[in-house]
Amino acid sequence: MMHDNASNLLILLWHIALVCTGMGFGTLLVLIVRRVWLEWLCRRQCSLEERFRHVVYAWLEQAATATSVPAHPGLVDFIPPRKCTQLIPVIVDIVRLTTGNSHRHLAQFMTETGLVAMIDSQFASLSTRDKYAVLTLWRALPALANPALLDVLLDSRDDNLRLAALQVLAGRQDPQGLQRMLSEAETLAARIAPVVLGEVFADFGAGAVPSLLMFITEGHSLNLRLAALAGLARLPALFGINMLAGLTHDPEPAIRTAIFDLMARQSIPAKGIAATLASGFADPEWEIRVAALKAAGTHPQTELLPAIRTMLADPQWWVRFYAARALLAFGANGAAVLQAVARQQDRQGRVAQLALAEAGFAI
Amino acid sequence: MTLLDLALPDFTTSAQLWLLTAQPYLVWLSGLIVVTGIFQNAVYLLQLLVAGSVIQQDRSREDQQFTWWALTRDVTVPVALLVPAYNEELSIVETVNALMAVDYPSLEVIVINDGSTDTTLERLKSGFRLRPAERAFEAAIAHQPIRKIYISDAYPGLVVIDKANGGKADAMNAGINVSRAPLFCVVDADSLLEADALLRAVKPFITDPDHVVASGGSIRLVNGCRVKHSRITAVTAPRNLLALFQAVEYLRAFLMARLALAHFGVLLIISGAFGVIRRDVAVQVGGYSSDTMGEDFEVIVKMMRYSYEHRKGYRVCFIPEPVCWTEAPEDLAVLARQRRRWQRGALETLWKHRRMLGNPRYGRIGLVAMPLAFISDVLTPILEGLGYILIPLFWLAGVLSSTFFLAWLAVVFGFGMVISVGALILEELELRRFQSARDLLWLATGAVLENFGYRQLNNLWRIQATWQYVRRKQVGWGQMTRQGFRS
């Protein structure tokens, strides 16, 4: 009985294998036939794309050298409106490969030939992938962005699509876009990586700074605070670092690290932050001590020298190394301290020797 | 019909008597071979289905967003590209030039000359106008001594480390020590990267910075492809039969198995040819182990072990997009050496971390990933190899029924083809990197033919490696002869 069952099972297995093999090869055959069909289609489509690419480049070349912009070729004569979406990736590609004036000419070309109108009219039926491509295009050429369509995208349920639309508005320095961004900040922060959100915040420029400074205070979510700090890090010339000093005792280590990192990037000379930086040197997290030392290197303040000198004895190698680098930022005074330490035969001496050698100083 | 469809007319010879006595045991052994085969194929089929679903969802989402993401590149974190090089004089300058041109905002290329006996270092020195320089670094991981570090004023992102020979793992450890970026990416000196490979591979670290510790992508074979200025300009299937079989194998391994394993959080290997890893975690676990040949497998196992032991919740990501192109051996002897080395590496890692096997303390890694690795790397080669010899023999001797024999054929060859063809279907539906229908047809031919000869050879090499490992026989890496990239 058991043998009969096993035997039936084996026969079943044999049949399953036959069916699966048949299905597998059948599907593959269908795909190969489809591929032949696609290759035939592609040959036609490629010729359209190549022709378009050729026309655009020729036109851009003329526009770049001519004193007056030449008349555009009759683009619509060879591109049926329903085919214009095929050209979106080609246009994105051209945008990537060109810069400056060419972008302005390209925007003009697309408007005059009616290509912009064609894309706008078919926007609703575009695939999500093509919508991203159009958004990429709008981001590079903000003049082409259609405000009505952007409004539609801002109501999209797809967070990334909404964020991409906001980024286009940021490129246009649209104040309404900023308002929208700020009102949605908490929702987006819950789903988007802080550095990415910060990048979009920063695209709005100076207008976003007061709100970002407000967001970094306690009371907002950690992600939003980190996003605001990431945004501020991209706009270092627009605020003074003294405004951040109060946050260096934040209970959240990620915030403390970001604050000191921000201070290290901030190139505007700052005074009266020695106590703030010294508090960073005493932080229990070594990453924060490193960030504070980097900031001390950016804003060398003489009263910090003894504190930095003591950091050369930190148990963490990276802290010792950045302490040595911070000392080098003090010029001759710091180098002299380091050269004195370099004579020691302990770990302080070794890291001092390494930092001096790397910076090209005699030991 | 019964399972034991015996046809023994009379018991006149001692051989026949022996067969009759041993018959139940032989049947059980054959049963075990078939059951293992069924289990292995069931796992593959499940992986195929899961990979199909994952790739369909992820690919569309990734693809939609990627153009936009590529523009938001300022948020990326610095990466150190580690390139261990041993006797790579023929291609090193071209490779480094190609790596320096990778589209990534903050990149440092660190070439580690692992005591080459040829002119690798001289070529680097003259090709990039290198000069000796001091660079402070913490010897956080042990490695052979560094003789000198070179930098280039003409190529600011390039660092060359010249060190005493210590093997690939040792070279990578030196590179990790010298690097300062939070992430490092190991690339073989004979591999080509896609221009946006790093942008893609780093994305998981941006979206989940606290948990992602390693990220890898599909590796594809450059054999047969057209290469211009170290860039792939046309993707075609290899014309060489041995390379073709490997192309099918790579599709199966990367597009199907690794994608599905990563989806379930049980991926334990990021290819040594391309993988992005968090530096701090790699240092924490002691870097790459020089005492194993599967250092890429071992380092991930170590990181996941550390994650469970310290409750870190780390995860390993995988990107189905091809990110790196590497050359497959077209010579049987070289391929055999490579496969024996891989098998040996897997066995060494499994033995070294045997404590994790089936141990609930290590969660799904201990309960799923390690047992799966044990079955596919230890049990399957032996049992499948035994099956090729014993089952036809038993069937001819009349110990096994024809049904049994057919079932075994179905398991070994039928499902083998189905799985390869399934991976090809995935490639065609979702990635479509091969340029013509002719390539697809040629790959399908490879998917059928590889089951007759190539697969058995692979099993033989794995059994040989297992035997060498059991006998504790020391083996080296051997010479890897390459054709070079045809431009």
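Chain identifiers are assigned alphabetically (A, B, ...) following the order of the sequence lines, protein sequences preceding nucleic acid strands; residue numbering begins at 1 within each chain. The figures that follow rest on heavy atoms only: side chains count, while hydrogens, waters and symmetry mates do not.
Outside the 6.0 Å centre-distance limit, the rings of B:Phe413 and A:Trp14 are not counted as a close aromatic pair. Aromatic ring centres of A:Phe321 and A:Trp317 lie closer together than 6.0 Å.
Every residue meeting the side chain to side chain donor-acceptor pair (under 3.5 Å) condition with B:Asp153, not counting sequence neighbours, appears here in chain and number order: B:Arg131.
Top candidate by heavy-atom pairs under 4.5 Å with chain B, chosen from A:Thr21, A:Ile192, A:Leu161, is A:Thr21. Contact count against chain A (heavy-atom pairs under 4.5 Å) is highest for B:Glu138 among B:Glu138, B:Glu134, B:Arg135.
Contact annotation for B:Ile149: neither backbone nor side-chain heavy atoms come within less than 4.5 Å of a heavy atom of chain A. Using a 4.5 Å cut-off between heavy atoms, A:Arg350 makes no contact with chain B at all. Only the side chain of A:Leu38 comes within contact range of chain B, with heavy atoms under 4.5 Å apart. When heavy atoms are compared at a cutoff of 4.5 Å, A:Arg34 approaches chain B solely by way of its side chain, counted from C-beta outward.
Among pairs with a residue in residues 410-429 of chain B, those fulfilling salt bridge (charged side-chain N to carboxylate O under 4.0 Å, His left out) read A:Arg35-B:Glu428, B:Arg220-B:Glu427, B:Glu428-B:Arg432, at least two apart in sequence or across chains.
For residues 416-426 of chain B, a heavy-atom distance under 4.5 Å to chain A picks out B:Met417, B:Val418, B:Val421, B:Leu424, B:Ile425, given by residue number.
How far CZ of B:Phe394 is from CD of B:Gln23: 10.5 Å, rounded to the nearest 0.5 Å.
With A:Asp314 as reference, A:Arg289 is the one residue of A:Arg347, A:Arg320, A:Arg289 to meet the salt bridge (Lys or Arg N to Asp or Glu O under 4.0 Å) rule.
Within 6.0 Å of OH in B:Tyr25 there are 12 or fewer heavy atoms belonging to other residues, nucleotides or ligands.
In this structure the side chain of A:Asp203 never reaches within 4.5 angstrom of the side chain of A:Leu169, judged on heavy atoms.
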Show me the donor-acceptor pairs, under 3.5 Å and distance only, between side chains in residues 433-445 of chain B and residues at least two apart or in other chains.
residue  : atom : partner  : partner atom : Å
B:Arg433 : NH2  : B:Glu194 : OE1          : 3.2
B:Arg433 : NH2  : B:Glu194 : OE2          : 3.2
B:Ser436 : OG   : B:Arg438 : N            : 3.4
B:Ser436 : OG   : B:Asp439 : N            : 3.4
B:Ser436 : OG   : B:Asp439 : OD2          : 3.3
B:Asp439 : OD1  : B:Ala237 : N            : 3.1
B:Asp439 : OD1  : B:Arg239 : NH2          : 3.0
B:Asp439 : OD2  : B:Ser436 : N            : 3.4
B:Trp442 : NE1  : B:Pro238 : O            : 2.7
B:Thr445 : OG1  : B:Leu441 : O            : 2.8

